[in-house]
Amino acid sequence: GSKVEAKRLMADAGVPVMPGAELPEASPDTATGSPDTATASPDAAAASPDTTATPDAELAAAAERVGFPLLVKASAGGGGKGMRVVRSPEELGDALTAARREAAAAFGDETVFLERYLETPRHVEVQIVGDDHGRVVHLFERECSIQRRYQKLIEESPSPAVDPELRRRMGEAAVAAGEAIGYVGAGTVEFLLAPSGEFFFLEMNTRLQVEHPVTELVTGLDLVRLQLLVAGGAPLPGEALEARSSGHAIEARLYAEDPERDFLPGIGTLRRFAPPTIEGLRVDSGVEDGSEISPHYDSLLAKVIAHGPDRAEAARRLAAALERAELHGPRTNRDLLVRLLRHPDFLAGDTDTGFLDRHPPAELGAPLLDGDGERLHAAAAALALQAERRASAHVLASLPSGWRNNPSGLQEVAFEGARGALSVGYRFGRDGLVLQVGEQELERPSLASCSAELVDLEVGGVRRRYRVRCYGDRVFVNSGLGQCELRELARFPSTEAEQQAGSLVSPMPGAVRRVGAEQGAQVERGDVLVVIEAMKMEHEIVAPATGTLSDLRVAAGDQVDTG
C-alpha cells in the first residue's frame, strides 16, 4: 500500500517514525501543489511554504526540512525500486525524476516522498500474527542488514544486535502497529536500528515475506498454517501465543546475477540446480533443472536456509551447502554469499546496511576456486571429454584417446576459465598417465575411473571425484573443492571480426529507457550515455573516456540483447 499513509498511521499509534516530507504529484512539466509534512517535526510543519511558492521552491524547502542526506522513496515501492540517495540539493532534481520513472514502471504509481537517510543502520524486522479475536503477537525479530540495492541478501534470527530489552521494545512497537490497523494474518513490521539503539518504523509488509523460513526454523511454527487458521476465523493457538526461539537460523538469497559486474541479472537456461542434502538445511526454490531465467521477473532462484544450535554453526552449514551446490547456467551470487558467511565481520555480528560498501562485492563475488583448484578441474574436464569422445568413436573405441605404441606428444585440450586460457595436455601409455596443465606437470596422476560425467582422479596423493557436465562448449566441473565453469576452445577456431575500439555494448537484455547524448556530441568520462531497464531496475551505460560520440545505434524504446 501507501508508505506515506502507513507512516501517518504509525505516528498516531506511537510507533517511532523517521522524519520525512510528502511531495506534490508530478505533472508533465514539473511538480505542482504543496508538500504535506505530517511525518516531519512540529517545527518543520510550522515552516511549511505558502501556496504561492513555486514547485521548485517547495521541493527545496521540503528537502531542507528533512535534511541531507535524504532518500527519495516510492510510496508504493518495495525491493529497493524507486529509491535514490540524495546528498546535496544539486542532486535532488535528477534523483526525483529517476525515482518517479522507476516507480511508475515497477508499480504503476509514480508518487514519491522524502525521508531522512541513516548512513549505516541495521535493518531489523519483527514477525507478527493477528487473529479475528483481537490478539496480535510477535514471533521475534529477523536481521536483514546485508543488502544490495536495498534488497536483502542474508537474513537471520535472532539478530546479533538485539538484546532482551531491545527485543521487548521492538516487539511491543510491532504489536502496536498491528493493533492500530486491526491486522489479521501474518505480517512483518520493519525497522531501521541506529547505532545509538534508536529504532524507526520503515514499513509494514502485510503478507508472508521471502525470509519467513528463518522464523519457522527458530520457533518451530508453520506460518502458512497459522495464516490459514486465522483466515478461517480460528483464534491463535497456544504455541503461537507462547512462542519460544531456539538456536539460530540464517537464510541466503540465491540470485541469478553477477556481483563482479554490479549485480547485473543473468538470464538463460538453468541447466542444473542441485543443492546438497545436509542436516539442518532447508531449500525453498522456484526452479529446477531446465528452468528458463527470464529478464522480465526478479532473478531470485532459491532461498537456502540453515538452522543450528548457535550462529557460528548455522553460518558454517549454510556456507558449506552453497559451496557444494551444483549450479549450471547463468552466473549466480553463490560465491559472494559463501564469502559473506565466512567473513570475520559477519561472524562477529558487525553488520549493517553499509556492509557491501565497505567490502566490495566485486571482490567478495570473485570465483571461490583458486588457481590450483581451477587447474585440477580443467584436467578432469579434459579427461571426461576424451572419455566421451572415445565412447562414441567408430574405430578402436576401447583405446584411450591419443594412444600410441611409442611415447609421443601430448593430446591437448584448451579451455577459457575465470582466470584466462588453460591448456591441458595428457598421454596414456605403458608408463601410466601423464597430465599437464599449462607448463606444470601434475604430480603422480592416477585414474581410478573415468567417464563422460565422473572422473575419479588422484594427484599428488590426494584422490577426488569430479562431476562433469557439458552443455555445448560450456563445461561445469564440481568437486569437494567447489565449482568451476570452463569454455572449451575450438581446436581450429574461425576468424571473428574484432569489436571496434571504443564501442560500448549492452551488458544485458533490456529496454532502452533514455539516451543521454546525441551523435557527434562531446562527452566526458562518466557521462551517462544510455539507460537500460531490465527486471524493473535501471542500469546506466557510461562513457569510459572523454571523447566524441561518433556513432549511436539505439533510441529510447528500443529492445536490445546482451552484447
Side-chain angles (χ1 to χ4, degrees), residues 254 270-281 283 288-289 304 316-329 332 334-335 338 342 367-392 397-402 410-411 413-415 417-419 422-429 432-438 440-488:
L254 185 65
L270 184 63
R271 303 287 187 174
R272 183 161 175 78
F273 176 78
T277 301
I278 293 178
E279 181 185 359
L281 187 73
V283 180
E288 60 186 3
D289 291 3
V304 186
R316 277 196 297 270
R317 287 180 179 176
L318 185 52
L322 288 165
E323 186 174 40
R324 290 167 51 186
E326 297 182 18
L327 307 171
H328 302 168
T332 73
R334 178 253 303 279
D335 296 347
V338 172
R342 291 173 175 168
L368 285 169
L369 206 63
D370 63 18
D372 289 339
E374 187 178 50
R375 284 189 286 273
L376 288 171
H377 281 67
L383 294 172
L385 289 172
Q386 69 82 30
E388 179 183 30
R389 288 160 185 164
R390 294 313 300 156
S392 60
S398 62
L399 292 181
S401 180
L410 302 179
Q411 289 287 100
V413 181
F415 298 103
R419 294 170 176 80
L422 286 165
S423 176
V424 179
Y426 60 88
R427 181 178 67 235
F428 296 92
L433 172 65
V434 176
L435 195 55
Q436 181 174 308
V437 182
Q440 178 184 357
E441 186 170 328
L442 301 188
E443 182 184 358
R444 306 192 311 277
S446 174
L447 265 181
S449 64
C450 182
S451 69
E453 293 191 348
L454 184 64
V455 176
D456 192 336
L457 174 66
E458 181 176 317
V459 174
V462 180
R463 181 175 171 182
R464 294 186 178 92
R465 292 162 65 89
Y466 300 86
R467 300 176 301 284
V468 183
R469 299 267 181 154
C470 298
Y471 313 97
D473 62 355
R474 297 177 73 191
V475 185
F476 290 85
V477 187
N478 291 84
S479 75
L481 295 171
Q483 179 173 300
C484 179
E485 178 183 353
L486 304 164
R487 184 170 65 89
E488 184 183 10

Separation between OH (Y471) and CZ (R271), nearest 0.5 Å, reads 7.5 Å
Start with the C-alpha distance between L327 and L254, add both sets of side-chain angles, then the distance that settles side-chain contact (heavy atoms from CB on, under 4.5 Å), and finish with yes or no. CA-CA 10 Å; L327 307 171; L254 185 65; 3.9 Å; yes
Rounded to the nearest 0.5 Å, what's the gap from CG on L385 to CZ on F415? Could you check? 5.0 Å
Report the C-alpha distance between R469 and E388 in whole Å, list the side-chain angles of each, state the deciding distance to 0.1 Å, and finish with yes or no for salt bridge (charged side-chain N to carboxylate O under 4.0 Å, His left out). CA-CA 11 Å; R469 299 267 181 154; E388 179 183 30; over 6 Å; no
Hey, what do you get for CG (L481) to OH (Y466), rounding to the nearest 0.5 Å? 5.5 Å
Take Q386 and Y426 through the side-chain contact (heavy atoms from CB on, under 4.5 Å) test and state the conclusion after the steps. CA-CA 10 Å; Q386 69 82 30; Y426 60 88; 3.2 Å; yes
Indicate the atoms forming the closest heavy-atom contact of A384 with V455, along with that distance. CB-CG2, 3.8 Å
Tell me whether the count of non-hydrogen atoms from other residues, nucleotides or ligands lying under 6.0 Å of CZ in R465 goes above 12. no
Sequence neighbours excluded, the answer for side-chain hydrogen bond (donor to acceptor under 3.5 Å, both in side chains) partners of R444 is none
Distance-only check: which donor-acceptor pairs under 3.5 Å involve side-chain atoms of residues 457-464, not counting sequence neighbours?
| residue | atom | partner | partner atom | Å |
| --- | --- | --- | --- | --- |
| R463 | NE | D456 | OD1 | 2.8 |
| R463 | NE | D456 | OD2 | 3.4 |
| R463 | NH2 | D456 | OD2 | 2.8 |

With rounding to the nearest 0.5 angstrom, report the OG to CG distance, S423 to L410. 9.0 Å
Taken to the nearest 0.5 Å, the spacing of L433 CG from L447 CG works out to 5.5 Å
Would you name the heavy atoms of D335 and P367 that are closest together and state the gap between them? OD2-CA, 3.2 Å
Please examine the side chains of L454 and V468, heavy atoms only from C-beta on, and report whether any two atoms are closer than 4.5 Å. no
Given 3.5 Å as the limit, does a donor-acceptor pair link the side chain of E374 with the main chain of A418, or not? yes
Please report the closest heavy-atom contact between A387 and C450, naming both atoms and the distance. CB-SG, 3.9 Å
What pairs with R316 under salt bridge (charged side-chain N to carboxylate O under 4.0 Å, His left out), at least two apart in sequence or on another chain? E313
Go through it in stages, so that I can follow the logic: the residues are L383 and F428, the test is side-chain contact (heavy atoms from CB on, under 4.5 Å), and I'd like the CA-CA distance, side-chain angles, deciding distance and then a yes or no. CA-CA 11 Å; L383 294 172; F428 296 92; 3.9 Å; yes
Thinking salt bridges, do E453 and R467 make one under a 4.0 Å N-O criterion? no
Is the number of heavy atoms from other residues, nucleotides or ligands under 6.0 Å of R342 CZ greater than 12? yes
Provide the closest heavy-atom pair for A379 versus L435 in the form atom of the first, atom of the second, distance. CB-CD2, 3.8 Å
Would you say V413 and E488 make side-chain contact, with heavy atoms under 4.5 Å? yes
Contacts satisfying side chain to side chain donor-acceptor pair (under 3.5 Å) that involve residues 476-487 (not counting sequence neighbours) are H328-N478, R334-Q483, H377-S479, R474-E485, N478-Q483
Would L270 and D289 count as a side-chain contact (heavy atoms from CB on, under 4.5 Å) here? Give the steps. CA-CA 6 Å; L270 184 63; D289 291 3; over 6 Å; no
List the residues meeting salt bridge (charged side-chain N to carboxylate O under 4.0 Å, His left out) with D473, not counting sequence neighbours, and say none if there are none. none
By salt bridge (charged side-chain N to carboxylate O under 4.0 Å, His left out), which residues pair with R375, not counting sequence neighbours? D372
Hey, could you give me the OG1/CZ distance between T332 and F273, rounded to the nearest 0.5 Å? 10.0 Å
Heavy-atom closest pair, residues A381 and V475: CB-CG1, 3.9 Å
Minimum heavy-atom separation for R419 to D370, with atom names? NH2-CA, 3.5 Å
